[in-house]
Number of protein chains: 2
Amino acid sequence: MSKLRIGQVAQAAGVNIETIRFYERCGLLADPGRSESGYRAYPPETVGRVRFIKRAQQLGFTLREIGGLLALRIDETATCEQVRAQAEAKLAEIDAKIADLRRIRAALAALAAACVNDGPTSECPLLDAMEREFE
Amino acid sequence: MSKLRIGQVAQAAGVNIETIRFYERCGLLADPGRSESGYRAYPPETVGRVRFIKRAQQLGFTLREIGGLLALRIDETATCEQVRAQAEAKLAEIDAKIADLRRIRAALAALAAACVNDGPTSECPLLDAMEREFE
DNA sequence: CTTGACTCTGTACTAAACTGCAGGGTTTAT
DNA sequence: ATAAACCCTGCAGTTTAGTACAGAGTCAAG
């Protein structure tokens, strides 16, 4: 019910005010409507959406891709069939990312576990192995 | 043994030649040494390293962070103790990313599975649920 | 022995994603 | 009723991560 002003949204989501306006310009956030005095008046869910955008970004999705994800639930003209196709393409992408992260994770875990002596790093050849993973 | 020239490295790693030189300027790739005529002469492992950088980037690490990862195995003065501490910090970060990806994955999978009718997207409330996950 | 494909340095340009004003109006606490 | 703390638009500046020349040298094939 009670709408939020832009500063409240920004603080709650942990971003700069300008970032909120920037996302609106990019189409990632819909026009929130205005109060009588012309201030943007946001529904509380906006905070969750901004946080979602930030998280997805930290996972390597561009704003354009995130826009694609969000559009899945906005486009009234898309059929579920189209949405499912898009969602499945994204799923494959996400699975690849998870697999890559696990490889890096395994290499780092091995590194951390194997470095028990007090010698210099050059005696820890595990990151070399990690790099070879990607050849 | 047989060294590679910059164009061969770029092609093998699937990046632009300028990107290789850019990574060298940023300290992500060491000075490879030169042939008699002044051409950069790379050891073959360079290809793996460039691919590693690209993959890590697609997972949301900045070049600065990737430099930190790579430095783990280069800094001769660091003790294994320090390396382990850094590696473990990175591990936590990677685990958080994997967890986030899995949440997005689950939401998308549910979306794809549930959209079996031919109605419009607005009847698929699953991405709303995904957003609420991040509140 | 020249043509085409490659490399060099240096500088400048681009795109994405913000971030920060300037110059104005609004709201709220004292 | 006035200062502090908000908000508005519009536009310019910044950072990150490349990309693209220009002008010059190198090398291999025909």
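All chains are named by letter (A, B, ...) in the order of the sequence lines, taking the proteins before the strands, and each is independently numbered beginning at 1.
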For this session: Kindly determine whether A:Val47 and A:Tyr42 satisfy side chain to side chain contact (heavy atoms under 4.5 Å, CB included), including the steps that lead there.
Result: CA-CA 9 Å; A:Val47 176; A:Tyr42 291 95; over 6 Å; no

Exercise. Under the salt bridge (charged side-chain N to carboxylate O under 4.0 Å, His left out) test, which residues partner A:Glu18, sequence neighbours left out?
Worked result: A:Arg21

Exercise. Of all residues at least two apart in sequence or in a different chain, which pass the salt bridge (charged side-chain N to carboxylate O under 4.0 Å, His left out) check with B:Lys97?
Worked result: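 Not a single residue meets the salt bridge (charged side-chain N to carboxylate O under 4.0 Å, His left out) criterion with B:Lys97.
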
Problem set entry | Neighbour count >12 (heavy atoms, 6.0 Å) for atom CZ, B:Arg34 | yes

For this session: Taking atom CD of A:Glu65 as the centre, report whether more than 12 heavy atoms of other residues, nucleotides or ligands fall under 6.0 Å from it.
Result: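 Yes - once you tally the heavy atoms of other residues, nucleotides and ligands closer than 6.0 Å, there are more than 12.
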
Exercise. How far apart are the closest heavy atoms of B:Lys90 and A:Leu108, and which atoms are they?
Worked result: CB-CD1, 3.7 Å

Exercise. If every non-hydrogen atom of A:Pro44 is compared with every non-hydrogen atom of A:Ser2, which pair is closest and at what distance?
Worked result: CG-O, 3.9 Å

For this session: Walk along DNA chain D from 5' to 3' and tell me the first and last nucleotide with an atom closer than 4.0 Å to a non-hydrogen atom of chain B.
Result: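 Endpoints of the contacted stretch of DNA chain D: D:dA17 to D:dC27.
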
Problem set entry | Along DNA chain C, first and last positions that approach a heavy atom of chain A under 4.0 Å | C:dA17 to C:dT27

For this session: Can you sort out which residues in residues 28-42 of chain B have a heavy atom within less than 4.0 Å of DNA chain C? Ascending by number, please.
Result: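 Contacts with DNA chain C under 4.0 Å: B:Arg34, B:Gly38, B:Tyr39, B:Arg40.
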
To the closest 0.5 Å, what do you measure between [atom1] ([X]) and [atom2] ([Y])?
X        : Y       : atom1 : atom2 : result
B:Gln8   : B:Thr46 : CD    : OG1   : 11.5 Å
B:Gln11  : B:Ile6  : CD    : CD1   : 13.0 Å
B:Ile104 : A:Arg55 : CD1   : CZ    : 9.0 Å

Exercise. Closest nucleotide of DNA chain D for B:Asn16 versus for B:Thr62: which of these residues is on the 5' side?
Worked result: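 Whichever sits nearer the 5' end wins; that is B:Thr62.
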
Problem set entry | Main-chain N/O of A:Gly14 paired with A:Arg51 side-chain donor or acceptor, under 3.5 Å | no

Problem set entry | Any residue of residues 4-14 of chain A with a heavy atom less than 4.0 Å from an atom of DNA chain D | A:Arg5, A:Ile6, A:Gly7

Exercise. Under the criterion side chain to side chain contact (heavy atoms under 4.5 Å, CB included), which of A:Ile66, A:Val15, A:Thr19 is the partner of A:Ile53?
Worked result: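 Looking at A:Ile66, A:Val15, A:Thr19, the match for A:Ile53 under the side chain to side chain contact (heavy atoms under 4.5 Å, CB included) is A:Ile66.
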
